[in-house]
Amino acid sequence: MEHLVDHMRTSYHSLHEPTCALCNKHCRSFDSLREHLIGPLPKQECNKLFKILGCKFCLSILESPHALKLHQHRCRFSGVNYGTMSRPANKSTTVVDNGFSSHVVALACQMVDGGGNNESMDVCARVCMVDEYENIIFHVYVKPPISVPNYRYENSGIGGEHLRDGMPLKQVQRRIEEFLCNGEAMWKIRSPKAGKARILVGHHLHPLLQSLHLQYPSFMIRDTAAYPPLMKTNKLSNSLKYLTQTYLGYDIQAGVQDPYEDCVATMRLYLRMRNQVHQREDYPQASDPRNRNNFAPSRQSELERMSPEAMLAISRSDYYCWCLDSM
């Protein structure tokens with residue numbers, strides 16, 4: 001029990017972690033849980049049952065093979081159903097719906113090579129934003145502020161004719177900020193639970209926002225590349241292509257990449273993570289001052305008398321679980 005208490009003191013196990021529904025093993029990521037269930041060296045008892053009753057997308061266990069068949073039909077997403085605005089022709093196109101009510105928006109960009117002495121510098125050439133119902137709310141080509149020696153046409157599908165009449169970068173910045181702040185002054189945005197500002201979803205959002213010269217509060221950002229349950233390890237991210245194929249069940253980024261496709265994939269991943277059902281806690285974050293003494297050394301004797309389940313009940317996750325957005 002002494003070793004278990006020390007382990008719980010440093011591991012931040014919680015009810016928000018991915019957990020095997022068969023043996024209740026707690027994992028740091030869904031990749032770890034997948035290895036436990038269907039990896040090269042899985043736990044045999046769990047592996048046998050999972051092959052019969054387990055969903056390979058959300059890793060849940062169903063009551064019967066028939067229930068599994070019905071579940072997987074809903075759990076597996078089809079590919080993106082592209083509308084007329086998915087890839088505009090040779091002119092800049094803006095789609096704006098000022099009346100949309102979504103509290104969450106997804107953002108993706110298409111990059112080209114920058115000019116000058118640093119041709120590896122990424123320059124944003126195309127921007128797309130969608131709401132949580134996958135409707136396009138903003139879609140535009142961006143006029144680069146510097147020369148572009150390489151448009152990466154094979155991957156981007158963008159040429160000089162697309163950007164010639166593009167929207168200036170400063171105007172793009174202003175429009176994106178208007179969507180995100182939703183009438184709120186940036187300095188007033190204090191918490192995801194207060195105000196009218198929208199949650200921003202995306203993949204590798206930090207470099208993307210840097211290329212747009214935008215700043216947005218970190219607690220309003222949901223990055224699928226930095227969300228611990230979706231990462232390979234604590235320090236390594238999975239690609240959006242891998243996450244979409246593994247957790248949504250379809251392929252993206254085959255040939256010319258489309259920011260609308262990336263927006264939809266990140267939004268679907270976010271909603272899948274947000275819609276998980278976890279036990280409600282009064283103070284769910286480990287950083288909350290009211291959790292400071294949960295595993296204090298002064299409580300060692302008391303903690304050693306607790307059951308593992310009781311210790312888990314007072315343990316808190318060291319990351320913000322997206323299921324808290326729906327509360």
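- Nearest heavy-atom pair, G39 versus P42, reported as atom, atom and distance to 0.1 Å: O-CD, 3.0 Å.
- In this structure, S315 contributes its side chain and H13 its backbone to a donor-acceptor pair below 3.5 Å.
- Contact annotation: the side chain of M273 never approaches that of L269 to less than 4.5 Å [non-hydrogen atoms, C-beta and beyond].
- Listed by first and then second residue, the ring pair (Phe, Tyr, Trp, His ring centres under 6.0 Å) pairs involving residues 272-313 are H16-H278 (not counting sequence neighbours).
- Contact check for R9 versus L303: side-chain heavy atoms found under the 4.5 Å cut-off.
- Annotation: Y12, atom OH; neighbour count of heavy atoms from other residues, nucleotides and ligands within 6.0 Å does not exceed 12.
- Within the 3.5 Å criterion, the main-chain N or O of L243 finds no donor-acceptor partner in the side chain of T246.
- Inter-residue side-chain proximity for T244 and D251 is flagged as unmet; no heavy-atom pair is nearer than 4.5 Å.
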Worked verdict on I38 versus N47 for side-chain contact (heavy atoms from CB on, under 4.5 Å): CA-CA 6 Å; I38 51 177; N47 177 258; 4.1 Å; yes

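- Enclosure of atom CD in Q44 by more than 12 non-hydrogen atoms of other residues, nucleotides or ligands within 6.0 angstrom is indicated.
- Hydrophobic clustering (ILVMFWY, side-chain heavy atoms < 4.5 Å, transitive): M129 and L214 are in one cluster.
- Between the side chain of R76 and the backbone N or O of G249, at least one donor-acceptor pair lies under 3.5 Å.
- For H7, the NE2 atom sits in a packed shell: over 12 heavy atoms of surrounding residues, nucleotides or ligands are nearer than 6.0 Å.
- N182 places a side-chain N or O within donor-acceptor distance of the main-chain N or O of K196, the cut-off being under 3.5 Å.
- Residues M311 and M1 form a side-chain contact, since some pair of their non-hydrogen atoms from C-beta on lies under 4.5 Å apart.
- Cluster membership check: L209 shares its hydrophobic cluster with F219, using side-chain heavy-atom separations under 4.5 Å among Ile, Leu, Val, Met, Phe, Trp and Tyr.
- In this structure, R290 does not pair ionically with D282, as no charged nitrogen and carboxylate oxygen lie closer than 4.0 Å.
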From CA spacing to verdict: side-chain contact (heavy atoms from CB on, under 4.5 Å), S60, H71: CA-CA 10 Å; S60 57; H71 167 83; 3.6 Å; yes

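- Closest non-hydrogen pair, F50 versus L22, comes out as N-CD1, 4.3 Å.
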Steps toward side-chain contact (heavy atoms from CB on, under 4.5 Å) verdict (S11, H26): CA-CA 11 Å; S11 67; H26 283 253; over 6 Å; no

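- A continuous path of hydrophobic side-chain contacts links V264 to L271 [ILVMFWY only; heavy atoms under 4.5 Å].
- Within the structure, the side-chain hydrogen bond (donor to acceptor under 3.5 Å, both in side chains) test picks out the following pairs touching residues 28-40 (sequence neighbours left out): E17-R28, R28-D318, S29-S32, D31-N238, D31-Y242, D31-Y247.
- Of all heavy-atom pairs spanning L59 and K56, the tightest one is CD2-O, 3.9 Å.
- Side-chain atoms of Y216 do not come within 3.5 Å of backbone N or O of M186 as any donor-acceptor pair.
- In this structure, N135 contributes its side chain and D131 its backbone to no donor-acceptor pair below 3.5 Å.
- Listed by first and then second residue, the salt bridge (charged side-chain N to carboxylate O under 4.0 Å, His left out) pairs involving residues 298-317 are E281-R316, R299-E302 (not counting sequence neighbours).
- Taking the six-membered ring where tryptophan is involved, the planes of W322 and Y270 are tilted, since the angle between them lies from 30° to 60°.
- For the pair L68 and C55, the minimum side-chain heavy-atom distance is below 4.5 Å.
- Counting only heavy atoms from C-beta outward, the side chains of F57 and L248 never approach each other to under 4.5 Å.
- Taking the side chain as every heavy atom from C-beta outward, D262 and Q253 approach each other to under 4.5 Å.
- Clustering ILVMFWY residues whenever any of their side-chain heavy atoms sit less than 4.5 angstrom apart, transitively, puts L15 in a cluster other than the one holding L230.
- In this structure a side-chain-to-backbone donor-acceptor pair under 3.5 Å is present from T224 to G202.
- In this structure the side chain of V201 reaches within 4.5 angstrom of the side chain of R222, judged on heavy atoms.
- I314 and N294 make their closest contact through O-ND2, 2.5 Å (heavy atoms, listed as atom of the first residue, atom of the second, distance).
- Hydrophobic clustering, with ILVMFWY side chains joined whenever heavy atoms are under 4.5 angstrom apart, groups L180 together with L169.
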